[in-house]
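A quick write-up on the structure given underneath.
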2 protein chains.
Amino acid sequence: MGTVAKALSLLNLFSMEQPEIGLSDVARLSGMNKATAYRLLSELQSQGIVEQVGPDRAYRLGPGVLRLAALREASVPLLTVAREVVRALSDETGETAHMSVIRGTRLSALTYAYSQAHATRVTMENATDLAFHATGSGLAVLAFSDPGFVNETLAQPLPAYTEETVTDSAAVRAALDAARLTGVAECRGLFEAEVHSHAAPVFGPDGKPLGALAVAAPYARMTNATAAHIHAAVIAGTRELTHRTGGALPADYPTGAPT
Amino acid sequence: MGTVAKALSLLNLFSMEQPEIGLSDVARLSGMNKATAYRLLSELQSQGIVEQVGPDRAYRLGPGVLRLAALREASVPLLTVAREVVRALSDETGETAHMSVIRGTRLSALTYAYSQAHATRVTMENATDLAFHATGSGLAVLAFSDPGFVNETLAQPLPAYTEETVTDSAAVRAALDAARLTGVAECRGLFEAEVHSHAAPVFGPDGKPLGALAVAAPYARMTNATAAHIHAAVIAGTRELTHRTGGALPADYPTGAPT
DNA sequence: AACCGGCGGTTCAATTAATGAACCAACGCG
DNA sequence: CGCGTTGGTTCATTAATTGAACCGCCGGTT
């Protein structure tokens, strides 16, 4: 891994749960020598990508990323369109909808919407950082990613989050095969207990996934008819989101209903 | 300059006017060898910071920056608060207000608001990339930046944008001295003809400017009373914006009215 | 008060990565 | 068809990065 990629990989350590991280923790979490981490962070800081705060001089993402995002959004309004599509998807299905983008070896939630259709709903507070092998979004992305990326992801330890989590990479591959047939990955309780999710990849201009669009609902509300409805809505949603942001659906992306 | 900073400096080439740039142009604009630029861009691309599009494989900012900005905004809502403050400032002054952040050797507009108070207004379409020496925002930032940064900035060629633009670095320094006395940089027609702007720096947690807050109005509406009103509003605005985003005003930042 | 363990930060010999001139195939233009 | 430009590649040379060991400071414990 080149020096630039190494430095940028440090940015993947920041999350909603951990927006500020000290130097020693950055070194520990990334597996780098503290001197190396220090130097890389200093260079990121010199460009405004990270900054240091507080008496303990912890690092956090800096203002420079806002301007990059604003420039990006000006030409490819992914966040703006995603908010609209996610809102509409939540309204149509009556459940929680969200969109996430690839962040190193995980997915990071970019935007989500709750529905007022029911008194209970799947919440996103503990789901801003999603594991590939254990979420509908993750499986949807892997199903349409390059084999190299899939191999790299499944070569890492696959932790269990619930009693249902599949931690055997062969079983995960079988789930990917199923997702490839229908274009939607279904996931029952792998990441959060009693949550059934449907997710489809969102594609970039190179025809590769850049993230996923998903609907998450409690088991109790999931009938076959509901599942079919959500499946179709997610497919339509990702087609719209991909199209409106200049992405390209792969030629072999399925159009049909679930079998 | 380290490799990481070098790679990130390439991101400064992208602008509202030029959201996509080919490899040879990146090399030409940055002064780097094409092979070097290619390698650095490939590493940025591997982390989703840039992506390639179109038949000519031009580069543009990638989706990875959106998620970084979302994480940053979740803990330090600079963009969200800036939008509010800029909106309020425009309403209060009846003129165009905007906020920009430092981007290498220039300032990049982050958000702006127009007022409906008059039939004519200063527009922002041609002012998303601001020169330090020739804009109120730029002078405001320089006035409260470290001497090293000021020296580095003024050592570069200072192009003229209008007949009023000051291109002599000693004269620019005199303008910085004036801004230090009042906390606000005034700028008459240096960047756009017949536009009078007032700007104040917005400070980060380290007490250094991370950008500027400004009001731009046509000459024709600028009376002494109006100027004093705008001056006070900009000072109040930057105090609020700095405070609400966890920034720290330097101890010597002026509080008084213009002399 | 003394000691300990951890923090952020620094140094420099050894190691590794980056560099860029020269090259390639492809493409559009006259 | 020839030319000039593009995106992309190669590898001997050059430069940057690395990380073990170190530093001062700080908070907690005895």
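Chain letters run A, B, ... following the sequence lines, proteins first and then strands; every chain starts at 1.
For D:dG19, its base never sits under 3.5 Å from the side chain of A:K34 at any donor and acceptor pair.
Contact annotation: A:T3 reaches the phosphate of C:dA18 (side-chain N/O to OP1 or OP2, under 4.0 Å). Remark: A:Y38 is in phosphate contact with C:dT10, judged by side-chain N or O atoms under 4.0 Å from OP1 or OP2. The shortest distance between the side-chain N/O atoms of B:Q52 and the OP1/OP2 oxygens of D:dG8 is below 4.0 Å. A sub-4.0 Å separation between OP1 or OP2 of D:dA16 and a side-chain N or O of B:K6 is absent. Remark: B:S24 is in phosphate contact with D:dG7, judged by side-chain N or O atoms under 4.0 Å from OP1 or OP2. Between D:dT6 and B:R57, no contact under 4.0 Å exists linking OP1 or OP2 to a side-chain N or O.
Between A:P63 and B:L78, the closest side-chain pair of non-hydrogen atoms falls below 4.5 Å.
In summary, B:E84 and B:R244 engage in a salt bridge, as defined by a charged side-chain N under 4.0 Å from a carboxylate O. The pair B:E51-A:K208 does not meet the salt-bridge criterion, since no charged nitrogen lies less than 4.0 angstrom from a carboxylate oxygen.
Nucleotide C:dA17 holds its C1' atom 13 Å from the CD atom of A:E43, rounded to whole Å. Put simply, CE on A:M32 is 13 Å from P on D:dT17, counting in whole angstrom units. Atoms CZ (A:R28) and C1' (C:dG5) sit 12 Å apart, rounded to a whole Å. Regarding A:L40, its CG atom lies at a distance of 14 Å from the C1' atom of C:dT16, rounded to whole Å. The CG atom of A:D25 sits 12 Å away from the P atom of C:dG6 (whole-angstrom rounding). The CG-C1' distance, from A:L29 to C:dC7, rounds to 15 Å in whole Å. Taking atom CD on A:E20 and atom P on C:dC7, their separation rounds to 16 Å, with Å as the unit. For the pair B:R39 CZ and D:dG8 C1', the interatomic distance rounds to 12 Å; values are reported in whole Å.
Annotation: B:Y253 is in aromatic contact with B:F203 [ring centroid separation under 6.0 Å].
Picking from D:dG19, D:dG7, C:dG8 the nucleotide with the shortest atom distance to the side chain of A:T36 gives D:dG19. Nearest to the side chain of B:N33, among C:dA18, C:dA21, D:dG8, sits C:dA21. Between C:dC7, C:dG9, D:dG7, one nucleotide has an atom nearer to the side chain of A:Y59 than all others, and that is C:dG9.
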Steps toward ring pair (Phe, Tyr, Trp, His ring centres under 6.0 Å) verdict (B:F132, B:F191): CA-CA 10 Å; B:F132 279 110; B:F191 193 68; over 10 Å; no
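Between A:G22 and B:A35, the residue anchored closer to the 5' end of DNA chain C is A:G22, taking for each the nucleotide with the nearest heavy atom.
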